[in-house]
Amino acid sequence: MTRSKLHNHSSKLVTSASPAPVRASVNRAEGIKLQENRMAEASRPSTSGAATGPKAQQQSIVSSFAAITPYDKQSKRNRAITHAVSFCLAKDMMPLSTVEQTGFKYMLNVLDQRYEIPGRKYFSQTAIPRLYEKCRSKLETRLQDVKHFATTSDLWSSRTSEPYLSLTIHYIDEEWALQSTCLQTVYFPDNNTAEIICQGLEDALESWGLSEDRQVCITTDSGANVVKAVALKGWTRLQCFGHRLNTAIEGSMKDRRIDRAVSVCKKVVSAFSYSWKKKRALATAQNDLELPKHRLITESPTRWGSRHAMIARVLEQEKAIAKVLSADRKSRHLVPTWQDVEVLESVHKALNPLADFTDALSGEAYVSVSCVKPVLQLFNEEVLKPEDDDTELTKDIKTAVITYLNEKFSDDATDDLLSMATLVDPRFKTHYIQADKIEAVRANAVSQILDEWNSSQSSSSPNVQSEASTSAAPVIHKKTLGSFFKRPVATAGLTDHQAVEAELNSYLQSANADSENNPLEWWKTHCTAYPKVSLLAKRYLCIPATSSPSERAFSTGGNIVTCHRTALKPDAVDRLVFLAKNLTIDPE
């Protein structure tokens with residue numbers, strides 16, 4: 001072997017015998033060099049002149065530090081995030097301790113690692129009170145332009161047995177939209193006498209700058225102290241239709257047969273509520289019998305219609321319930337007898353149609369007061385009218401309920417109020433007013449319209465247009481096809497009284513709106529055709545038929561003053577309930 005071949009052979013042996021670490025270091029060095037070449041190539045300016053698209057650039061040290069530096073406390077971004085957190089805590093009724101929870105902090109850090117969330121004390125003492133003042137100030141400004149409003153009020157006790165008085169306001173704004181706003185849920189530690197409640201309601205209106213003269217009506221339950229308090233103030237009061245209906249139902253069920261059947265229902269529901277084995281067996285039986293997979297319902301004394309809901313569900317699941325209970329020797333005695341089932345079916349047939357009416361009249365986002373008289377007439381003529389195939393028990397229940405309601409809503413003051421509300425509802429007008437009372441109602445309407453119109457002419461209130469401004473600069477609304485053929489009522493040469501009568505007659509002679517239509521939408525389109533009558537519509541159609549809005553405020557309060565938040569001070573409860581009910585998305 002020659003020397004050159006020997007040298008080459010030796011080189012190959014050395015190369016093949018090089019250990020792995022040496023090869024790895026060589027490869028790493030080559031990789032680093034290749035990366036450096038690529039970076040240099042990327043940083044070299046293009047000489048082709050053609051658009052090659054954006055290229056990745058190495059981040060500077062300054063920008064790298066800026067990406068992880070916390071925001072300045074007064075920066076716009078920091079304030080915006082803090083406002084959003086405050087909004088979330090208040091609107092969703094979350095405990096303020098949420099801001100100190102590990103999971104919440106982690107979420108915010110992932111979303112924006114530069115944001116440092118303040119502590120719980122900051123939100124409780126600074127952020128939430130500031131949000132409350134801002135929201136309250138906006139609402140106060142809005143309420144200054146409201147000419148007429150209605151209210152609902154009720155008393156409530158929290159989990160810690162602290163008493164609160166709520167006040168909710170209802171009005172129709174310039175765009176003919178019904179507004180419902182919870183003003184306050186104020187701590188009310190004094191004795192609940194009529195005189196003290198009267199003073200509390202007066203103070204509540206005064207604290208918001210609301211004049212009692214602008215209040216059309218207050219809707220309350222039938223508590224004797226509340227009724228007397230309203231009477232002491234001389235305010236017009238509407239009794240809550242929901243409470244009256246609930247009282248009527250309770251009175252109609254004072255029968256030993258019903259007491260026994262309802263007691264059996266409660267025991268059955270209780271047996272399934274406290275046994276997961278029975279719940280599992282019930283689900284299996286429902287599947288075998290092809291019944292709806294529904295849970296049984298527990299009666300709640302504070303919920304309207306909860307007893308009927310419990311009875312309806314037991315009847316629906318009767319076969320599944322009997323199958324499960326019969327299989328257990330200890331619970332066989334709970335199986336409802338045929339007599340119990342017959343009684344429950346009689347009760348269900350009498351009360352089932354009433355449940356939907358209660359729910360419908362309890363809304364606060366639509367007009368409800370004008371529906372009370374039509375509903376009562378429907379009860380008398382159809383819903384609660386005894387039928388030939390009704391059992392005697394069903395007939396007795398129907399008769400007892402309708403007799404009670406007719407008695408409670410037949411007094412002159414209530415009937416006058418409901419008649420006026422029905423008159424200015426374009427769906428009903430005089431249809432549900434007794435024939436012998438129509439002329440008196442019309443005369444009353446003319447008198448009130450004159451007062452409203454004269455007041456609007458002498459007042460500079462921006463929410464009421466004068467006749468001149470109506471013709472000169474009308475509010476622009478989207479018109480319906482039929483509205484193009486309408487002409488304002490001719491009032492030239494007529495006295496004010498005659499002009500009002502002419503306009504009211506024209507309104508009453510026009511075609512009724514469909515019963516499914518929103519009366520406020522109708523008035524939004526036709527207010528220029530009937531400007532004077534529209535003032536009366538705004539006055540009466542804002543009244544709620546039930547006191548449910550105030551009770552919903554208490555439901556919100558119950559979700560805030562939970563068993564984990566019983567230490568909340570009354571002022572904090574008032575702020576949190578107000579914010580939960582009234583906050584709208586409005587970035588800071």
Side-chain angles (χ1 to χ4, degrees), residues 132 135-136 139-140 142-144 146-158 161-172 178-244 362 364 368-369 411 413-414 417 421 539-540 542-558 570-571 573-582:
Y132 170 78
C135 187
R136 181 186 173 108
L139 181 58
E140 285 179 332
R142 226 167 41 233
L143 293 181
Q144 289 178 358
V146 176
K147 183 172 179 59
H148 293 298
F149 62 87
T151 56
T152 56
S153 184
D154 206 350
L155 292 162
W156 168 71
S157 293
S158 67
S161 299
E162 293 177 325
Y164 289 86
L165 176 69
S166 76
L167 183 67
T168 304
I169 185 174
H170 312 268
Y171 62 94
I172 298 172
L178 183 59
Q179 303 293 339
S180 180
T181 304
C182 175
L183 295 184
Q184 62 183 44
T185 308
V186 66
Y187 185 50
F188 204 71
D190 298 319
N191 295 330
N192 295 337
T193 63
E195 291 75 14
I196 294 178
I197 293 175
C198 175
Q199 186 62 47
L201 293 173
E202 183 180 347
D203 293 343
L205 290 179
E206 185 178 348
S207 68
W208 283 89
L210 297 171
S211 170
E212 297 177 20
D213 298 335
R214 294 158 61 191
Q215 179 176 258
V216 181
C217 177
I218 181 170
T219 305
T220 71
D221 60 17
S222 304
N225 52 355
V226 177
V227 173
K228 185 178 179 181
V230 175
L232 288 174
K233 290 300 301 177
W235 293 345
T236 301
R237 171 184 169 271
L238 177 64
Q239 49 196 322
C240 172
F241 187 86
H243 277 96
R244 283 302 186 192
S362 299
E364 56 186 290
S368 58
V369 65
D411 65 280
T414 300
L417 177 68
R539 177 184 178 93
Y540 282 99
C542 65
I543 302 172
T546 71
S547 59
S548 297
S550 287
E551 296 183 5
R552 291 190 182 102
F554 293 148
S555 296
T556 301
D571 288 345
V573 174
D574 184 22
R575 284 196 297 266
L576 293 173
V577 172
F578 176 85
L579 291 173
K581 298 291 289 183
N582 300 314

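Both backbone and side-chain heavy atoms feed into the values below; hydrogens, waters and symmetry mates do not. In this chain, residues are counted from 1 in sequence order.
Looking only at distances, no side-chain donor or acceptor of S550 sits under 3.5 Å from a matching main-chain atom of S547. The backbone N or O of L183 sits nowhere less than 3.5 Å from a side-chain atom of T181 that would complete a donor-acceptor pair. Of the possible polar contacts, none joining the N191 side chain to the T193 backbone as a donor-acceptor pair under 3.5 Å is found. A donor-acceptor pair under 3.5 Å links the side-chain atoms of D574 to the main chain of T185, judged by distance alone. Panel note: side chain N225, backbone N192; a donor-acceptor pair is recorded below 3.5 Å. With hydrogens and angles ignored, the 3.5 Å screen pairs no side-chain donor or acceptor of N582 with any backbone N or O of C135.
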Before giving the answer on side chain to side chain contact (heavy atoms under 4.5 Å, CB included), spell out for R539 and K147 the whole-Å C-alpha distance, their side-chain angles and the decisive distance to 0.1 Å. CA-CA 8 Å; R539 177 184 178 93; K147 183 172 179 59; over 6 Å; no
Assess the residue pair L201 and K233 against the criterion (side chain to side chain contact (heavy atoms under 4.5 Å, CB included)); give the C-alpha distance rounded to whole Å, side-chain angles, the decisive distance to 0.1 Å, and a yes or no. CA-CA 9 Å; L201 293 173; K233 290 300 301 177; 5.9 Å; no
Please test Y132 against L576 for side chain to side chain contact (heavy atoms under 4.5 Å, CB included), starting from the C-alpha separation and ending with a verdict. CA-CA 8 Å; Y132 170 78; L576 293 173; over 6 Å; no
Tell me, with the steps shown, if V186 and D203 meet side chain to side chain contact (heavy atoms under 4.5 Å, CB included). CA-CA 11 Å; V186 66; D203 293 343; over 6 Å; no
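Looking only at side-chain heavy atoms (C-beta outward), Q184 and S207 come within less than 4.5 Å of each other. Residues F149 and I172 form no side-chain contact, since every pair of their non-hydrogen atoms from C-beta on lies 4.5 Å or further apart. In this structure the side chain of R136 never reaches within 4.5 angstrom of the side chain of R575, judged on heavy atoms. Between E162 and W156, every side-chain heavy-atom pair lies at or beyond the 4.5 Å cut-off. Taking the side chain as every heavy atom from C-beta outward, V573 and Y164 approach each other to under 4.5 Å. You'll find the side chain of L165 reaches within 4.5 Å of the side chain of S153, heavy atoms only. No side-chain heavy atom of L210 sits under 4.5 Å from any side-chain heavy atom of T151. In this structure the side chain of W208 never reaches within 4.5 angstrom of the side chain of I169, judged on heavy atoms.
Of all non-hydrogen atoms in A194 and A229, the two that sit nearest each other are O-CB, 3.3 Å. Scanning all heavy atoms of the two residues, the minimum distance from A545 to S368 falls at N-OG, 3.0 Å. In terms of heavy atoms, R214 sits closest to L143 at NH2-O, 2.8 Å. The two residues V577 and A553 make their nearest non-hydrogen contact at CG1-O, 4.0 Å. Closest approach of P544 and T219 over heavy atoms only: O-OG1, 2.9 Å. Considering every non-hydrogen atom in both A150 and C542, the closest pair reads N-SG, 3.9 Å.
Tested against W235, the residues I218, V216, T220 include a single side chain to side chain contact (heavy atoms under 4.5 Å, CB included) partner, I218.
The line from CD of Q215 to CD1 of I543 is 9.5 Å long, rounded to the nearest 0.5 Å. In this structure, SG on C217 lies 5.0 Å from CG on L238, to the nearest 0.5 angstrom. The distance from atom CD of E212 to atom CD of E202, rounded to the nearest 0.5 Å, is 5.0 Å. In this structure, CG in L579 is found 11.5 Å from OG1 in T556, a value given to the nearest 0.5 Å. Atoms OG and CG, on S211 and L205 in that order, are 8.5 Å from each other to the nearest 0.5 Å. Taken from CD in Q239 to CG in D221, the straight-line distance is 11.0 Å, to the nearest 0.5 Å.
Looking at T152 and H170, their side chains do bring a donor and an acceptor atom within 3.5 Å of each other.
No more than 12 heavy atoms of other residues, nucleotides or ligands lie within 6.0 Å of CD in E206, so this atom counts as exposed by the packing criterion.
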